[in-house]
Amino acid sequence: SHQHEPQLALATTPKRQKVEDAADGCKHCACKKSRCLKLYCPCFAGGGYCSEKCGCVPCFNKADFAETVQTTRKVLLSRQKRMSLKINRRLEANAETMVVFLTQLDDDAFLLSSLWLIIIISILCLCHLQEDAHNSSSSTPPRRGCNCKKSSCLKKYCDCYQDGTGCSLFCRCEDCKNPYGKNEGFMADESKRFIYTGA
DNA sequence: GAGTTTGAAACT
DNA sequence: CAGTTTCAAACTC
Ligand SMILES: [Zn+2]
Ligand SMILES: [Zn+2]
Ligand SMILES: [Zn+2]
Ligand SMILES: [Zn+2]
Ligand SMILES: [Zn+2]
Ligand SMILES: [Zn+2]
């Protein structure tokens, strides 16, 4: 019942890889080649051990190998953090360039650029949320948007669609048709408003 | 169940 | 980082 309400992409909802979907959902991995020690494995990525219901083999994501699991997870998360910081720095640099450009416009043009300011602010917010999440090491960093090329964000291949979330400014999807919110905008008729249809 | 498609994660 | 490969799930039949 809580699945289908649209969500802001920037919200800090670490609801991903819910492998323990009660007795009902029965979502468990079936890994064959990753030994459940890479983020391919939803159990490992979700921070939990594999269960008896998993169809994985061979599986190292068990309490018996707690040290291995912990070490591997630490390495992978650290790599992820490094990559994320890199991308954030680039985004922040681009945002700064854009802000400088916008502030040099005359008044009329500047008013029309409010959409860009919103985008820039959103990007900076995501960067800060991610870094906070990384530093607290407790909450999962917010996902960057999807990168769908062929599914039009209409199937569960798309993480946004699977989460019941609209695509956002951070998605790089092509021909987005996400029913929860398309990564597109349009000019409203008879209005100088730009309506963004995504999250 | 087998085979294909897909995009994140991993690798280089 | 970008281009490529690997991977397990989503999907199709
Ligand atoms: Zn697994
Ligand atoms: Zn598992
Ligand atoms: Zn496993
Ligand atoms: Zn998508
Ligand atoms: Zn998306
Ligand atoms: Zn999309």
Side-chain angles (χ1 to χ4, degrees), chain A residues 3-4 7 9 13-22 24-62 68-97 123 126-127 129-131 133-134 137 139-184 198-199:
Chain A
Q3 299 275 355
H4 293 293
Q7 284 190 330
T13 49
K15 56 153 195 172
R16 180 159 161 75
Q17 283 132 1
K18 271 189 185 173
V19 179
E20 305 227 12
D21 246 345
D24 184 24
C26 273
K27 277 217 166 184
H28 297 99
C29 78
C31 307
K32 301 295 180 204
K33 310 186 112 171
S34 69
R35 297 172 303 169
C36 299
L37 282 183
K38 296 190 175 179
L39 296 177
Y40 293 128
C41 172
C43 307
F44 177 82
Y49 291 128
C50 283
S51 78
E52 306 76 17
K53 296 179 181 175
C54 289
C56 44
V57 53
C59 179
F60 282 48
N61 186 26
K62 296 174 178 173
T68 307
V69 172
Q70 193 171 7
T71 305
T72 307
R73 194 196 312 285
K74 198 174 293 182
V75 169
L76 293 182
L77 290 183
S78 135
R79 175 200 294 173
Q80 209 173 51
K81 175 179 177 180
R82 271 210 321 279
M83 198 62 62
S84 184
L85 289 180
K86 246 184 207 173
I87 295 175
N88 280 359
R89 271 196 273 283
R90 186 165 51 94
L91 287 176
E92 286 167 348
N94 289 344
E96 189 174 354
T97 303
I123 290 173
L126 180 70
C127 292
L129 285 174
Q130 278 194 324
E131 303 208 359
H134 275 130
S137 74
S139 56
T140 309
R143 305 278 149 200
R144 251 174 248 281
C146 70
N147 193 31
C148 304
K149 302 300 181 197
K150 298 185 167 181
S151 70
S152 298
C153 305
L154 275 172
K155 299 182 179 176
K156 288 190 175 182
Y157 296 127
C158 172
D159 279 2
C160 303
Y161 176 87
Q162 184 159 36
D163 290 349
T165 305
C167 285
S168 76
L169 295 167
F170 304 100
C171 298
R172 287 139 295 160
C173 40
E174 295 175 3
D175 191 25
C176 179
K177 295 175 181 168
N178 188 336
Y180 300 108
K182 304 185 208 322
N183 185 17
E184 290 175 351

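Order of the sequence lines fixes the chain letters, A, B, ..., with proteins taken first and strands second; residue numbering starts at 1 for each chain.
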Derivation and outcome, side-chain contact (heavy atoms from CB on, under 4.5 Å), residues Phe60(A) and Thr72(A): CA-CA 11 Å; Phe60(A) 282 48; Thr72(A) 307; over 6 Å; no
Tell me the interatomic distance from [X], atom [atom1], to [N], atom [atom2], rounded to whole angstroms.
{"X": "Leu39(A)", "N": "dT6(C)", "atom1": "CG", "atom2": "C1'", "result": "14 Å"}
{"X": "Arg35(A)", "N": "dA9(B)", "atom1": "CZ", "atom2": "P", "result": "19 Å"}
{"X": "Asn94(A)", "N": "dC1(C)", "atom1": "CG", "atom2": "C1'", "result": "13 Å"}
{"X": "Tyr161(A)", "N": "dA10(C)", "atom1": "OH", "atom2": "P", "result": "12 Å"}
{"X": "Asn147(A)", "N": "dA2(C)", "atom1": "CG", "atom2": "C1'", "result": "12 Å"}
{"X": "Phe170(A)", "N": "dG7(B)", "atom1": "CZ", "atom2": "C1'", "result": "20 Å"}
{"X": "Leu37(A)", "N": "dA8(C)", "atom1": "CG", "atom2": "P", "result": "11 Å"}
{"X": "Tyr157(A)", "N": "dC7(C)", "atom1": "OH", "atom2": "P", "result": "19 Å"}

Is [X] near enough to [N] that one of its side-chain N or O atoms lies under 4.0 angstrom from OP1 or OP2?
{"X": "Lys155(A)", "N": "dC11(C)", "value": "no"}
{"X": "Ser151(A)", "N": "dG7(B)", "value": "yes"}
{"X": "Lys32(A)", "N": "dT6(C)", "value": "no"}
{"X": "Lys156(A)", "N": "dT6(B)", "value": "no"}
{"X": "Ser34(A)", "N": "dA8(C)", "value": "yes"}
{"X": "Lys150(A)", "N": "dT6(B)", "value": "yes"}

Five-pair end axes of the helix from dG1(B)-dC13(C) to dT12(B)-dA2(C), angle between them (10°): 0°
Atom NZ of Lys150(A) with >12 non-hydrogen neighbours under 6.0 angstrom: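 Atom NZ in Lys150(A) is not packed in, count stays at 12 or less.
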Look up atom CD in Gln162(A) and atom NZ in Lys156(A), then write down how far apart they are to the nearest 0.5 Å. 6.0 Å
Here's a test of your reading of the structure: between Lys33(A) and Lys86(A), which maps to the more 5' nucleotide of DNA chain C? Lys86(A)
On DNA chain C, check which nucleotide each of Leu154(A) and Cys36(A) is closest to and give me the residue with the more 5' one.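 The answer here is Cys36(A).
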Can a donor-acceptor pair be found, under 3.5 Å and without considering hydrogens, that links the side chain of Lys62(A) to the backbone of Val69(A)?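 Answer holds: no.
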With side chains defined as the heavy atoms from C-beta onward, is the minimum distance between [X] and [Y] less than 4.5 Å?
{"X": "Cys54(A)", "Y": "Cys36(A)", "answer": "no"}
{"X": "Leu39(A)", "Y": "Gln80(A)", "answer": "yes"}
{"X": "Cys173(A)", "Y": "Cys158(A)", "answer": "no"}
{"X": "Ser51(A)", "Y": "Cys43(A)", "answer": "no"}
{"X": "Phe170(A)", "Y": "Ile123(A)", "answer": "yes"}
{"X": "Phe44(A)", "Y": "Arg73(A)", "answer": "yes"}

Scan residues 71-79 of chain A against DNA chain B and write down, sorted by residue number, each residue with any heavy atom closer than 4.0 Å; if none is found, say none. Leu76(A), Arg79(A)
Between the base of dA8(C) and the side chain of Tyr40(A), is there a donor and acceptor pair under 3.5 angstrom?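 There is none.
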Base, sugar-phosphate or nothing for Cys146(A)? Non-hydrogen atoms, less than 4.0 Å. sugar-phosphate
